[in-house]
Amino acid sequence: MTTSTIARIAELAPHGDAQAERYRPDLVIRTPHAPGFTEDDWLDRTLRIGPDLALRVIARTPRCAIPTLAHGSLPTDTTALRVLAEHHRVTPMASMGALPCAGVYAQVLRPGRIVLGDAVHWS
C-alpha cells in the first residue's frame with residue numbers, strides 16, 4: 001500500500017482521516033507525488049526494495065469488513081470500507097468483478113531484508 005492511497009482515502013473520508021493500520025499492509029511505500037491508488041497500475045510489474053528484495057505485483061487487494069473494526073487504539077470506523085465501496089471499485093484480477101480495493105498483493109521473487117528508508121524501484 002502507498003502513502004498516496006492512504007492520503008486519497010483520507011481525502012474521501014467524511015472525517016478527513018485514514019490510518020494505514022486499518023488496512024493491515026505488510027509494507028507502506030512512500031509515494032509523495034503519486035496520485036491516490038497509484039498501485040492499481042502496478043500489476044505484473046516487478047518491484048525492487050533495498051539491495052535484494054524483488055516482488056512481482058499479482059493483484060489489487062480487495063477489502064472486506066476488517067478495516068472497519070477496532071485496531072489497537074483505533075476505534076471502529078465503518079467509513080474505512082465505505083469510502084472504497086463508493087469511490088474505488090476496481091477489478092482485483094481478471095477472474096473477478098469490480099470490488100472495493102486498496103493496495104496490492106505481491107509474490108516474492110527474491111527474498112531479502114529491508115529497512116525503513118530503503119530505495120524502491122522497478123526492475
Shared hydrophobic cluster for [X] and [Y] (ILVMFWY, side-chain gaps under 4.5 Å):
{"X": "V104", "Y": "M93", "answer": "no"}
{"X": "I49", "Y": "V28", "answer": "no"}
{"X": "M1", "Y": "W42", "answer": "no"}
{"X": "L81", "Y": "L12", "answer": "no"}
{"X": "I58", "Y": "V108", "answer": "no"}

Run the side-chain hydrogen bond (donor to acceptor under 3.5 Å, both in side chains) test against [X] and tell me which residues pass, sequence neighbours left out.
{"X": "Q19", "answer": "D17, R22"}
{"X": "H71", "answer": "none"}
{"X": "H121", "answer": "none"}
{"X": "T61", "answer": "none"}

Heavy atoms only: give me the nearest [X]-[Y] pair and the separation to one decimal.
{"X": "D77", "Y": "H15", "result": "OD2-NE2, 3.0 Å"}
{"X": "P32", "Y": "T3", "result": "N-OG1, 4.3 Å"}
{"X": "R89", "Y": "P100", "result": "NH1-CD, 3.6 Å"}
{"X": "A20", "Y": "P25", "result": "O-CD, 3.1 Å"}
{"X": "G97", "Y": "P92", "result": "O-CD, 3.3 Å"}
{"X": "C101", "Y": "L84", "result": "O-CD2, 3.5 Å"}

Do the side chains of [Y] and [X] get nearer than 4.5 Å, heavy atoms only?
{"X": "R60", "Y": "L43", "value": "yes"}
{"X": "W122", "Y": "L47", "value": "yes"}
{"X": "T2", "Y": "F37", "value": "no"}
{"X": "V90", "Y": "L99", "value": "no"}

First locate atom [atom1] of [X], then atom [atom2] of [Y], and finally report the distance between them rounded to the nearest 0.5 Å.
{"X": "D40", "Y": "T91", "atom1": "CG", "atom2": "OG1", "answer": "10.0 Å"}
{"X": "L55", "Y": "L109", "atom1": "CG", "atom2": "CG", "answer": "7.0 Å"}
{"X": "Y23", "Y": "I9", "atom1": "OH", "atom2": "CD1", "answer": "4.0 Å"}
{"X": "I66", "Y": "R24", "atom1": "CD1", "atom2": "CZ", "answer": "7.0 Å"}

Applying salt bridge (charged side-chain N to carboxylate O under 4.0 Å, His left out), which residue pairs with at least one partner in residues 42-58 are found, sequence neighbours left out?
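Found D44-R56.
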Hey, could you give me each pair passing salt bridge (charged side-chain N to carboxylate O under 4.0 Å, His left out) that has a residue in residues 101-119? Not counting sequence neighbours.
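For residues 101-119, and leaving out neighbouring residues, there are no salt bridge (charged side-chain N to carboxylate O under 4.0 Å, His left out) pairs at all.
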If only atom types and distance count, is the side chain of T68 paired as donor or acceptor with the main-chain N or O of A80 below 3.5 Å?
no
Using atom types as modelled and distance alone, determine if a side-chain donor or acceptor of T31 lies under 3.5 Å from a backbone N or O of S4.
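Yes.
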Side chain to side chain contact (heavy atoms under 4.5 Å, CB included) for I114 and L27? Distances and angles first, verdict last.
CA-CA 10 Å; I114 59 173; L27 297 171; 3.3 Å; yes
